[in-house]
Amino acid sequence: MAVQSLAIKYRPQTFDDVTEQGEIKTILQNQLKSGEVKNAYLFCGGAGTGKTTCARIFAKEINHGEGSPIELDAASNNSVEDVRDIISRAKTASINSEYKVFILDEVHMLSNSAWNAMLKLLEEPPMKSIFIMCTTDPQKIPKTILSRVQRYNFQRISTKGIAERLWYIDIQERAPLGLCGDDDKEAIWYIAKLANGGMRDAITSLD
């Protein structure tokens, strides 16, 4: 049986589990409480800073845990035909949730024609549809798109924040084996420093 990676096993399921990014989490949670959720978001930041994770959590909270978001990797689905497919899917109501939420990862990889189609979609978004776009390279996003999304800039996670999360994971993994893990502290701090602000790479190194 395949062993589940630590990055998947300990992927945050709530905003409280997400390391740092406090201001962004607060704003998104306030929108959920007030019911003032927007049609389009852009989550920007380096790899492993929590963009896609927060997008998934936000999508789950929007629909009160019902249904699942539609996730697409724009790096491999970047043509105008792919965006037209999104448009077609967005026009139909979700069967098992109030909103149909689309998460588009690495969205800066979309082609020019795909961006033109996306612009029309964002100008007149179908009812009950929400688009969360994630990117590590916001400079490649057209200005016409930037003017129609609510943008959030995810900061690199501090070495201390990464180390604390790694220490938590280490304890969870060692406790069932009756091990204390005290000898791991120096190694964990070293891994955290090497991660350069990216949690995913840090957990992969810990694994």
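Along the sequence shown, the residues carry numbers beginning at 1.
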J.: From T49 OG1 over to R200 CZ, what is the distance, rounded to the nearest 0.5 angstrom?
T.: 8.5 Å
J.: I'd like to know if the side chain of K100 pairs up with that of T92 as donor and acceptor (distance under 3.5 Å, no hydrogens or angles considered).
T.: yes
J.: Flag yes if more than 12 heavy atoms outside E81 fall under 6.0 Å of its CD atom; otherwise flag no.
T.: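 More than 12 heavy atoms, drawn from other residues, nucleotides or ligands, come within 6.0 Å of this atom.
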J.: Determine the minimum heavy-atom distance between F154 and G50, stating which atoms define it.
T.: CE2-O, 3.7 Å
J.: Are E173 and Y10 linked by a side-chain donor-acceptor pair shorter than 3.5 Å?
T.: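 The criterion, which ignores hydrogens and geometry beyond distance, is satisfied for Y10 and E173.
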J.: Before accepting this row, confirm whether a basic side-chain N of the pair E66/K60 lies closer than 4.0 Å to the acidic partner's carboxylate O.
T.: no
J.: Going by heavy atoms in the side chains, are I145 and L119 under 4.5 Å from each other?
T.: yes
J.: Identify, with sequence neighbours excluded, every residue that meets ring pair (Phe, Tyr, Trp, His ring centres under 6.0 Å) alongside Y41.
T.: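 Residues passing ring pair (Phe, Tyr, Trp, His ring centres under 6.0 Å) with Y41: F58.
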J.: Going by the rule side-chain contact (heavy atoms from CB on, under 4.5 Å), which residues pair with K25 if we only count those two or more places apart in sequence or in a different chain?
T.: F15, V18, Q29
J.: Given side chains that start at C-beta, do those of R151 and I141 come closer than 4.5 Å, heavy atoms only?
T.: no
J.: Should K9 and Q172 be marked as a side-chain contact (heavy atoms from CB on, under 4.5 Å) after you check the CA-CA gap, both sets of side-chain angles, and the distance that decides it?
T.: CA-CA 11 Å; K9 185 176 180 179; Q172 297 303 307; over 6 Å; no
J.: Give me the other members of the hydrophobic cluster that I8 sits in, counting Ile, Leu, Val, Met, Phe, Trp and Tyr linked by side-chain heavy atoms under 4.5 Å, directly or via other members.
T.: none
J.: Answer yes or no: is there a side-chain heavy-atom contact under 4.5 Å between N78 and V107?
T.: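 Not in contact.
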J.: Considering only heavy atoms from C-beta outward, does the side chain of D105 approach that of L72 to under 4.5 Å?
T.: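 Not touching, per the 4.5 Å side-chain cut-off.
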J.: Counting only N and O atoms by type, is there a donor-acceptor contact under 3.5 Å from the side chain of Q13 to the main-chain atoms of R11?
T.: yes
J.: Quick check: closest heavy atoms across N39 and P125, and the distance to 0.1 Å?
T.: CG-CG, 3.8 Å
J.: Nearest 0.5 Å, please: how far is CD1 in I188 from CD1 in I171?
T.: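 The CD1 atom of I171 sits 8.0 Å away from the CD1 atom of I188.
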J.: Can you tell me if S79 and D82 form a side-chain donor-acceptor pair at under 3.5 Å?
T.: yes
J.: CZ/R165 to CG/D17 distance, rounded to the nearest 0.5 angstrom?
T.: 6.0 Å
J.: Does a side-chain heavy-atom distance below 4.5 Å link I169 with L206?
T.: yes
J.: A side-chain contact here means heavy atoms from C-beta on lying under 4.5 Å apart; do R174 and D184 qualify?
T.: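 The answer is yes; the side chains approach within 4.5 Å.
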J.: Give a yes or no on whether the backbone of T144 and the side-chain of S147 come within a donor-acceptor separation of less than 3.5 Å.
T.: yes
J.: Determine, step by step, whether I130 and F102 satisfy the side-chain contact (heavy atoms from CB on, under 4.5 Å) criterion, reporting the C-alpha distance in whole Å, the side-chain angles of both residues, the deciding distance to 0.1 Å, and the verdict.
T.: CA-CA 6 Å; I130 295 173; F102 294 83; over 6 Å; no
J.: Please check: side-chain N/O of K51 versus main-chain N/O of G46, any donor-acceptor pairing under 3.5 Å?
T.: yes
J.: Tell me whether E164 is salt-bridged to K160, with the criterion being a basic N under 4.0 Å from an acidic carboxylate O.
T.: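 Looking at E164 and K160, the cut-off is met.
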J.: Any side-chain heavy atom of E98 within less than 4.5 Å of one from I62?
T.: no
J.: Could you tell me if S88 and D85 have a donor-acceptor pair between their side chains, going purely by distance under 3.5 Å?
T.: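 No - no donor-acceptor pair under 3.5 Å links their side chains.
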J.: Check each of M109, H108, K140 against T135 using the side-chain contact (heavy atoms from CB on, under 4.5 Å) test, and report the only one that passes.
T.: H108
J.: Report yes or no: does D73 contribute a side-chain atom to a donor-acceptor pair with the main-chain N or O of A75 at less than 3.5 Å?
T.: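 Side chain of D73 to backbone of A75, a donor-acceptor pair under 3.5 Å: yes, one is there.
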J.: Within a strict 4.5 Å, meaning less than it, do heavy atoms of the M199 and T19 side chains meet?
T.: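 In short, these two side chains touch, coming nearer than 4.5 Å.
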J.: Tell me whether Q150 contacts the main-chain N or O of K38 through its side chain, where contact means a donor paired with an acceptor under 3.5 Å.
T.: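 Side chain of Q150 to backbone of K38, a donor-acceptor pair under 3.5 Å: no, none is there.
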J.: Around E123, counting heavy atoms of other residues, nucleotides and ligands shown, do more than 12 lie under 6.0 Å from its CD?
T.: yes
